J.: 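Structure incoming, see below.
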Number of protein chains: 2
Amino acid sequence: MRRSKKERQELLKQTIEENPFVTDEELAQEFSVSVQTIRLDRMELSIPELRERIKYVAEKNMQDEVRSLPIEEVIGDIIDIELDKSAISIFDVKKEHVFKRNGIARGHHLFAQANSLAVAVINDEMALTGKADIRFTQPVKENSRVIAKAKVVRSQKGRTIVDVSSFVGSDLVFRGEFSMFRAPSAEKEEIDETRN
Amino acid sequence: MRRSKKERQELLKQTIEENPFVTDEELAQEFSVSVQTIRLDRMELSIPELRERIKYVAEKNMQDEVRSLPIEEVIGDIIDIELDKSAISIFDVKKEHVFKRNGIARGHHLFAQANSLAVAVINDEMALTGKADIRFTQPVKENSRVIAKAKVVRSQKGRTIVDVSSFVGSDLVFRGEFSMFRAPSAEKEEIDETRN
DNA sequence: TCCGATATTAGGACTAGGTACTAAAAAACA
DNA sequence: TGTTTTTTAGTACCTAGTCCTAATATCGGA
């Protein structure tokens with residue numbers, strides 16, 4: 001089926017986004033146009049060639065790998081941290097984080113950002129969440145930037161209370177009180193401690 | 001500096017492993033041999049060409065992506081559901097769900113399973129988590145199978161309380177009380193309702 | 001020191017998946 | 001109808017290879 005140029009280019013963009021591994025040849029067949037047309041389309045849309053796309057995906061992968069090693073496994077980007085005191089992270093809500101039906105962020109992503117920030121702020125070898133009291137105060141839409149602020153409230157014998165408030169702009173969208181277990185050094189402080 | 005064949009091939013393997021993006025040309029210079037020699041080496045060591053290597057890395061990345069942001073709307077597999085009453089789901093804890101340091105499942109995955117089950121059990125167009133009171137009662141290790149059981153406790157004017165308990169074997173590992181907002185049909189029931 | 005084996009290099013033909021460019025044909029529109 | 005836009009075709013060139021043949025180099029042993 002032949003489509004208009006505009007329509008075709010829209011679909012082309014989507015198709016390549018979904019599957020960056022597709023060749024011009026295959027796309028030409030898919031859209032029943034010549035390979036040259038596909039190439040003109042890519043030009044107009046500034047979509048790089050197959051190999052560059054693959055390379056990009058691969059490079060992203062490598063970066064992710066190094067990123068997940070040193071900065072620890074945090075959801076969202078930590079932009080400020082004072083160990084055992086406070087921390088701030090940013091999380092951009094993209095299409096994969098929302099419900100398809102209504103475009104609202106799924107709760108567990110906001111929870112993940114907050115929880116992971118609560119873990120990160122603790123200056124110990126190990127930190128585990130014991131309990132949490134959380135509130136989703138406003139729905140968060142796709143393309144929002146969520147800023148989570150964690151504050152250590154108090155700390156006593158292996159237990160630390162961390163308050164996390166998340167905002168979109170000036171709106172509070174999430175609040176949580178996390179009760180964290182901590183284990184100072186390595187081995188024998190066994191995590192069975194986490195029994196609450 | 002010229003090395004013996006064996007030595008060179010050993011280094012070659014390492015070099016490519018570290019940086020799969022290196023070309024034969026660059027390797028030839030690095031080892032002061034001809035491009036052909038590098039190619040013979042790759043043959044003998046069964047190392048694929050640059051593009052195949054890059055493609056492999058990229059593909060691995062894509063796989064990871066689908067894994068980390070589940071396509072399906074529910075985290076875990078629902079094995080039983082009675083709308084507005086109860087539901088059960090299974091979630092297998094794999095290496096990507098645990099902290100590298102201690103092999104313990106990160107809290108937000110257990111939360112995600114429970115929260116997502118609470119959403120699923122509600123028989124309405126839309127369900128959003130308003131607040132939640134949760135407890136991680138025991139650490140969950142890699143390769144565990146977590147069974148979450150959701151039960152609708154009560155329901156009144158657009159608000160439904162869902163209790164979720166998650167088990168590994170017979171051990172309770174997580175408990176949460178979720179207060180869910182529900183909107184029967186589509187548009188105008190505006191989600192500002194979620195102000196708590 | 002010469003011999004044969006192994007290792008290395010050079011070169012040509014071919015490949016995929018393109019870029020960059022020119023030119024012609026087809027379709028859309030005014 | 002003429003003009004503009006869009007599409008197609010074709011050429012030369014590119015990278016990073018494969019596959020193959022043939023010519024050298026290098027090395028160990030008799």
Side-chain angles (χ1 to χ4, degrees), chain A residues 1-67 94-96, chain B residues 1-69 71:
Chain A
M1 192 237 293
R2 274 311 186 71
R3 292 166 184 87
S4 76
K5 189 180 177 179
K6 219 174 152 182
E7 215 182 334
R8 186 189 59 232
Q9 292 195 343
E10 198 49 54
L11 264 162
L12 187 81
K13 216 159 92 181
Q14 272 181 248
T15 308
I16 293 178
E17 215 154 299
E18 272 169 39
N19 173 24
F21 299 90
V22 67
T23 64
D24 288 358
E25 188 80 47
E26 289 165 337
L27 289 163
Q29 282 201 275
E30 170 93 23
F31 294 108
S32 312
V33 290
S34 69
V35 179
Q36 282 79 353
T37 302
I38 297 293
R39 287 179 181 162
L40 284 171
D41 284 348
R42 275 202 296 102
M43 290 240 157
E44 286 177 28
L45 300 167
S46 310
I47 296 173
E49 63 168 283
L50 172 69
R51 285 150 183 164
E52 291 305 312
R53 296 194 303 262
I54 292 183
K55 206 166 137 188
Y56 175 78
V57 175
E59 270 166 357
K60 219 175 50 185
N61 195 25
M62 297 301 274
Q63 278 170 25
D64 283 0
E65 243 165 73
V66 265
R67 203 182 332 135
K94 305 216 179 98
K95 113 169 150 289
E96 61 265 30
Chain B
M1 190 237 293
R2 273 313 185 70
R3 292 165 184 85
S4 75
K5 190 180 175 179
K6 218 173 154 184
E7 215 182 335
R8 187 189 57 233
Q9 292 195 343
E10 198 49 55
L11 265 163
L12 188 81
K13 215 158 93 180
Q14 271 181 246
T15 309
I16 294 179
E17 215 154 301
E18 272 169 40
N19 173 23
F21 300 89
V22 67
T23 63
D24 287 357
E25 187 80 49
E26 288 165 338
L27 289 163
Q29 282 202 273
E30 170 93 23
F31 295 109
S32 313
V33 290
S34 69
V35 179
Q36 282 79 353
T37 302
I38 297 293
R39 288 181 180 159
L40 285 171
D41 283 349
R42 276 201 297 101
M43 290 241 161
E44 287 178 26
L45 299 168
S46 309
I47 297 172
E49 64 167 282
L50 172 69
R51 286 150 181 165
E52 292 305 313
R53 296 194 303 259
I54 291 182
K55 207 165 139 189
Y56 175 76
V57 175
E59 268 164 358
K60 218 175 49 184
N61 195 25
M62 297 301 276
Q63 278 169 25
D64 284 359
E65 241 169 74
V66 257
R67 211 190 320 139
S68 69
L69 28 113
I71 335 159

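This structure is a prediction, so every number in the text was calculated from the model and none was measured.
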J.: Nearest-Å distance, NZ (A/K6) to P (C/dA28)?
T.: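 Going from A/K6 (NZ) to C/dA28 (P), I get 17 Å.
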J.: Distance check needed: D/dA22 C1' versus B/L40 CG, whole Å only.
T.: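 The answer, rounded to whole Å, is 14 Å.
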J.: Can you figure out which of C/dG17, D/dA16, C/dG11 approaches the side chain of B/Q36 most closely?
T.: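 Given the options C/dG17, D/dA16, C/dG11, the side chain of B/Q36 is closest to C/dG11.
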J.: Any side-chain N or O of A/S34 less than 4.0 Å from the OP1 or OP2 oxygen of D/dT7?
T.: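 No, because none of the side-chain N or O atoms of A/S34 sits under 4.0 Å from OP1 or OP2 of D/dT7.
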J.: Given atom CZ of B/F31 and atom C1' of C/dA7, what is their separation to the nearest angstrom?
T.: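 It works out to 17 Å between those atoms.
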J.: Nearest whole angstrom, please: distance from the P of C/dA27 to the NZ of A/K5.
T.: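 Distance, rounded to whole Å: 16 Å.
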J.: Report yes or no: does A/E52 contribute a side-chain atom to a donor-acceptor pair with the main-chain N or O of A/E49 at less than 3.5 Å?
T.: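 Not a single qualifying donor-acceptor pair exists.
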J.: Between the side-chain atoms of B/R39 and the base atoms of D/dT18, is any donor-acceptor pair under 3.5 Å?
T.: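 By the distance-only test, no, there is no pair.
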J.: To the nearest Å, how far apart are B/D41 CG and C/dT9 P?
T.: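 Rounded to the whole Å, the gap is 10 Å.
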J.: Is the shortest heavy-atom distance from the side chain of B/N19 to the side chain of B/T15 under 4.5 Å?
T.: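 Heavy-atom side-chain distance check fails, nothing below 4.5 Å.
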J.: Could you give the CG-to-P distance, from B/L12 to C/dT8, as a whole number of Å?
T.: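 Nearest whole value for this atom pair: 12 Å.
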J.: To the nearest angstrom, how far is B/R8 atom CZ from C/dT9 atom C1'?
T.: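 After rounding, the gap between these two atoms is 12 Å.
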J.: Which of these nucleotides, D/dG17, C/dT8, C/dG17, is closest to any side-chain atom of A/T23?
T.: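 The closest nucleotide is C/dG17.
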J.: With a 4.5 Å cut-off on side-chain heavy atoms, are B/Q9 and B/K6 touching?
T.: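 Side chain of B/K6 against side chain of B/Q9, heavy atoms only: no contact under 4.5 Å found.
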J.: Please check if the side chain of B/R53 supplies one atom and the backbone of B/P48 the other of a donor-acceptor pair under 3.5 Å.
T.: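 Yes, B/R53 side chain to B/P48 backbone: donor-acceptor pair under 3.5 Å.
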J.: Answer with base, sugar-phosphate or nothing: what part of the nucleic acid does B/V33 contact at a heavy-atom distance below 4.0 Å?
T.: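 Sugar-phosphate contact only - B/V33 comes under 4.0 Å of backbone atoms but never of a base.
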J.: Less than 4.5 Å apart, any side-chain heavy atom of A/L50 and any of A/D24?
T.: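 Not touching, per the 4.5 Å side-chain cut-off.
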J.: Indicate, yes or no, whether a donor-acceptor pair under 3.5 Å links the base of C/dG17 to the side chain of A/R51.
T.: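 Counting by modelled atom types and ignoring angles, a donor-acceptor contact under 3.5 Å is found here.
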J.: Between atom CD in A/E44 and atom C1' in D/dT5, what is the gap in whole Å?
T.: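 Interatomic distance, CD of A/E44 to C1' of D/dT5: 11 Å.
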